[in-house]
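Notes follow once the structure below has been shown.
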Amino acid sequence: MARGDLTDDQWALIEPHLPIAAVGPIPDLRKYFNAVMWRFRTGSPSGLRQSR
């Protein structure tokens, strides 16, 4: 678990409210959720974004 990732207790509160994909559970959903939260928290610094 990296700094800023959700704790197990926080994830237990959030997970039941997330949708399930049409084909079943999404693998590594917690990893994707942490990535989205990092993006909102940091604003995705320009040095880490892909160049166009």
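Numbers here are sequence positions counted from 1.
Note on residues 17-28: no pairs pass side-chain hydrogen bond (donor to acceptor under 3.5 Å, both in side chains), not counting sequence neighbours.
Shortest non-hydrogen contact noted between Asn34 and Leu6 is OD1-N, 3.1 Å.
With sequence neighbours excluded, the residues satisfying side-chain contact (heavy atoms from CB on, under 4.5 Å) with Leu18 are Trp11, Ile14, Leu29, Phe33.
Within the model, atoms CG of Asp8 and CD of Glu15 stand 10.5 Å from one another, a figure rounded to the nearest 0.5 Å. Here the straight-line distance linking atom CE of Met37 with atom CZ of Arg30 works out to 12.5 Å at 0.5 Å rounding.
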